Novice: 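Have a look at this one before I ask anything.
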Amino acid sequence: MIQSIGQVMLYVEDIDASAVFWKDKIGFKRVEKQVQGGQVSYIVSPTESSDVQFVLHNKAEVAKLNPGMNLGTPSILMNAIHLEELQEKLVSKGVQANPVIDMGFMKVFNFADNEGNYFAVREVKEEK
């Protein structure tokens with residue numbers, strides 16, 4: 001039985017630039033470079049101890065090893081406290097971020113990474 005989600009693979013054109021984007025623009029704390037068999041990947045996550053991490057892989061290298069594999073970016077919804085502040089912070093760092101939308105049942109906005117892939121962020125209440 002599957003117990004949790006550990007990692008989400010993101011296939012990107014430029015893994016070095018993507019690692020910098022997630023660290024410098026989004027503020028992820030864990031950025032770990034891994035080299036296996038000559039292939040480089042990065043593990044990035046919001047905190048050092050996050051339950052789920054993104055693993056950045058070179059799209060062209062993965063396509064060579066796995067012809068026909070779907071290398072599209074998955075639709076990912078992240079959680080954040082103080083959503084408006086986060087959206088404003090990302091915009092101030094030059095990230096293409098859309099305005100916060102109140103959908104009634106949740107507040108959400110989306111942003112594009114350095115390669116134009118969009119990710120969504122919803123507001124969660126701060127635990128007390």
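Values in this document were obtained by computation on a predicted structure and should not be read as measured data.
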Novice: Do Asp16 and Tyr42 have side-chain N/O donor and acceptor atoms under 3.5 Å apart?
Specialist: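 The criterion, which ignores hydrogens and geometry beyond distance, is satisfied for Tyr42 and Asp16.
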Novice: Hydrophobic clusters here meaning ILVMFWY residues chained together by side-chain heavy-atom distances under 4.5 Å, can you tell me if Ile43 and Val62 are in one?
Specialist: yes
Novice: Indicate yes or no: does Lys29 engage Glu48 in a salt bridge with an N to O separation below 4.0 Å.
Specialist: no
Novice: With the side chain counted from C-beta on, respond yes when Ile26 and Phe111 share a heavy-atom pair under 4.5 Å apart, and no when they do not.
Specialist: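 Side chain of Ile26 against side chain of Phe111, heavy atoms only: contact under 4.5 Å found.
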Novice: Do Ile15 and Val35 sit in the same hydrophobic cluster, where Ile, Leu, Val, Met, Phe, Trp and Tyr count as joined when their side-chain heavy atoms come under 4.5 Å apart?
Specialist: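 Cluster IDs for Ile15 and Val35 match.
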Novice: Report whether Val31 and Phe119 are members of the same hydrophobic cluster (ILVMFWY, side-chain heavy atoms less than 4.5 Å apart, transitive linking).
Specialist: yes
Novice: Taking 4.0 angstrom as the limit, do Glu32 and Arg30 come out as a salt bridge?
Specialist: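 Salt bridge: yes.
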Novice: Kindly assign one of parallel, tilted or perpendicular to the pair Trp22 and Phe28, based on the angle between their ring planes and the thresholds 30° and 60°.
Specialist: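 Aromatic pair Trp22/Phe28 classed tilted.
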Novice: Sub-3.5 Å donor-acceptor pair from the side chain of Ser50 to the main-chain atoms of Gln53, do we have one?
Specialist: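 Pair absent, no side-chain N/O of Ser50 close to backbone of Gln53.
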Novice: With a 4.5 Å cut-off on side-chain heavy atoms, are Lys93 and Lys89 touching?
Specialist: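 Yes. Closest side-chain heavy atoms under 4.5 Å.
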Novice: Please check if Val52 and Val121 belong to a single hydrophobic cluster, counting links between Ile, Leu, Val, Met, Phe, Trp and Tyr side chain heavy atoms closer than 4.5 Å.
Specialist: yes
Novice: Once you round to the nearest 0.5 Å, how far does CG of Asn110 lie from CD1 of Ile76?
Specialist: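 Spacing of CG (Asn110) from CD1 (Ile76) equals 13.0 Å.
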Novice: For side-chain contact (heavy atoms from CB on, under 4.5 Å), just list the numbers for Leu71 and Lys59, CA-CA rounded to whole Å, side-chain angles, deciding distance to a tenth of an Å, and then say yes or no.
Specialist: CA-CA 7 Å; Leu71 301 176; Lys59 191 181 281 192; 3.7 Å; yes
Novice: With distance as the sole test, does Gln87 use its side chain to make a donor-acceptor pair with the main-chain N or O of Phe109 at under 3.5 Å?
Specialist: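 No, the answer is negative, given that no donor and acceptor are paired below the 3.5 Å cut-off.
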